[in-house]
Chemist: 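Below is one structure. I have some questions about it.
The sequence lines fix the lettering, A, B, ..., with proteins before strands; numbering per chain opens at 1.
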There are 2 protein chains.
Amino acid sequence: MIPNNNSRKMFLEIVKQLRQLIQDENIAVGGKLPSERELAERLQVGRSTVREALRSLELLGIIETRRGEGTFLSDFRKHQLVELLSTFILQDAKSKKDVHTTMQALEQDAIRTICMTQLLHKQSIWDAFIDKLQEEVLQEDIIREIIIISNNRLALKIWFLLKQFAGEPYRGIMNVEEKKAWKLLLNNLKVGNEPQAISYYNEWKLLMNRGEN
Amino acid sequence: MIPNNNSRKMFLEIVKQLRQLIQDENIAVGGKLPSERELAERLQVGRSTVREALRSLELLGIIETRRGEGTFLSDFRKHQLVELLSTFILQDAKSKKDVHTTMQALEQDAIRTICMTQLLHKQSIWDAFIDKLQEEVLQEDIIREIIIISNNRLALKIWFLLKQFAGEPYRGIMNVEEKKAWKLLLNNLKVGNEPQAISYYNEWKLLMNRGEN
DNA sequence: AATTACAAAGTGGTCAGACCACTCATAGTT
DNA sequence: AACTATGAGTGGTCTGACCACTTTGTAATT
């Protein structure tokens, strides 16, 4: 039952047992875990060892601790992990460039998919879209909408992840020139003209990059 | 400089400072970090706090510890990233179609990238490639090579990951017709003729799918 | 002089106890 | 009834002490 305490990493064992405990006691998201002191006694280890395991799980976003209250099972979707990893991973420029390139690949593919899908050429959708360009629009919002419309949820998911890694290169608001490019892009999207749509997409990216520098 | 020790989670701060330290001291993959006791003194915190931060990073696969030796920076870039991404992507189990579509997007992007990169149009590379088609070639191998050549490591990692989910659609050996399409594809790749290259790529995909059904 | 054996120093692993800061329920006061 | 003060419970941190292990330097042996 209890693994030898020597030559093995106890805190990793505790992580394992905590997972088991969460499962056995059927602790739901938001539910409370036993206190550190109680866990230490139940698992027959020191409190500091329990804490090392808990802190690891906290950094992973699996649990959440509130001082004076306790430790709670948290929603797995907390994005802490991605943010943390990004600070470690994206140190060399090459990685950053890869992220941008890959995002661009997904974006272009969404445009191509839409162009090739006859069902998506209904005017009504796109006219409403073009109208929106009158208002203040974030660069990020519109390209995300395009990917959503392309109906590839996996690509959307990956794109989201990459966006977090990328340090939000799309945070800006679109200026007049960018909106002009997008209007032309959308008009070609509407009729399924792939080459022109891609062409205007590339033009938009150029405008965006120029704006940043 | 030193954040107050109350109302903030110190160990998270330590994680941050460790990252900074790794960067400042230019610790390479496999390199050794200062000892826990030294870190505690340098960062002006208790050793247990340092340990909580280190243990967290260890669970993430960012560092590696060896008893009696020390703490070392591990090559998390290669090993952990894909797995971590997979846990996120896995969350809503995706339809196979999305996986295929996304893989195709990455493949096409690799082809387009190669076509647009003048440096990659050296005959020698591609001629050797075409020669290889004489032998027995796995569908998977050749497309992977293409992505590798396109020089986007991130895209390659994602592609690998998706391939695992995809239920191995590429495990087959290329038949005569497929090889023919690839030969034409490679010839166009060689000279940077994007539309034709993509066209032959699509033809190959058709041949592949026909072969499976 | 070269090799071996052993002791010491350094490192991570774990524990116990002690405070602190905070939250919350509740007994006590108004 | 409303408010206040208190104390129990909890996570956050520090200290000091061992233990197990690795490396290294040195003394003893050959």
Chemist: Could you walk me through whether A:Lys132 and A:Glu145 pass the salt bridge (Lys or Arg N to Asp or Glu O under 4.0 Å) test, one step at a time?
Modeler: CA-CA 12 Å; A:Lys132 272 192 182 173; A:Glu145 286 293 327; 5.7 Å; no
Chemist: Is there a side-chain polar atom (N or O) of A:Arg51 under 4.0 Å from OP1 or OP2 of D:dG12?
Modeler: yes
Chemist: Between A:Glu58 and A:Arg55, does the salt bridge (Lys or Arg N to Asp or Glu O under 4.0 Å) criterion hold? Intermediate values first, please.
Modeler: CA-CA 5 Å; A:Glu58 183 176 3; A:Arg55 255 13 79 209; 2.8 Å; yes
Chemist: To the nearest Å, how far apart are B:Glu36 CD and C:dT14 P?
Modeler: 10 Å
Chemist: In this structure, how many angstroms lie between the P atom of C:dG10 and the CD atom of B:Glu41, rounded?
Modeler: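 Rounding to the nearest Å, CD of B:Glu41 and P of C:dG10 are 13 Å apart.
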Chemist: Can you tell me how far P of C:dT11 sits from CD of B:Glu38, to the nearest Å?
Modeler: 7 Å
Chemist: Quick one: closest heavy-atom pair of B:Met116 and B:Glu194, and the distance?
Modeler: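 Shortest heavy-atom contact: CG-OE1, 3.9 Å.
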Chemist: Does a nitrogen or oxygen in the side chain of B:Thr71 sit under 4.0 Å from OP1 or OP2 of C:dT11?
Modeler: no
Chemist: With a non-hydrogen cut-off below 4.0 angstrom, is B:Gly46 in contact with a base, only sugar-phosphate, or nothing?
Modeler: sugar-phosphate
Chemist: Do any side-chain nitrogens or oxygens of B:Thr49 fall under 4.0 Å of OP1 or OP2 in D:dC14?
Modeler: yes
Chemist: Looking at A:Ser48, I'd like to know whether one of its side-chain N or O atoms comes within less than 4.0 Å of OP1 or OP2 on C:dT14.
Modeler: no
Chemist: Measuring from B:Lys32:NZ to B:Ile27:CD1, what's the distance to the nearest 0.5 Å?
Modeler: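 These two atoms lie 9.5 Å from each other.
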Chemist: Of the options D:dG12, C:dG13, C:dT23, whose atoms approach the side-chain atoms of B:Arg37 most closely?
Modeler: C:dG13
Chemist: Could you state the CG-P distance from B:Leu59 to C:dG13, rounded to the nearest angstrom?
Modeler: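 These atoms are roughly 13 Å apart.
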Chemist: By the 4.0 Å heavy-atom rule, please label A:Arg47 as base, sugar-phosphate, or nothing.
Modeler: base
Chemist: Just the rounded figure in Å: distance from P of D:dG11 to CD of A:Glu52.
Modeler: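 Taking atom P of D:dG11 as the reference, CD of A:Glu52 is at 16 Å.
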Chemist: Between B:Arg55 and C:dG13, is there a side-chain N or O to OP1/OP2 distance below 4.0 Å?
Modeler: yes
Chemist: Nearest whole angstrom, please: distance from the C1' of D:dG12 to the CG of A:Leu54.
Modeler: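 Distance check: A:Leu54 CG to D:dG12 C1' gives 12 Å.
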Chemist: Can you measure A:Glu69 atom CD to C:dC22 atom P for me and round it to whole angstrom units?
Modeler: 13 Å
Chemist: Are B:Asp109 and B:Ser150 close enough, and set up right, to give a side chain to side chain donor-acceptor pair (under 3.5 Å), and what steps lead you there?
Modeler: CA-CA 9 Å; B:Asp109 184 68; B:Ser150 79; over 6 Å; no
Chemist: To the nearest angstrom, how far is A:Glu64 atom CD from D:dG12 atom P?
Modeler: 11 Å
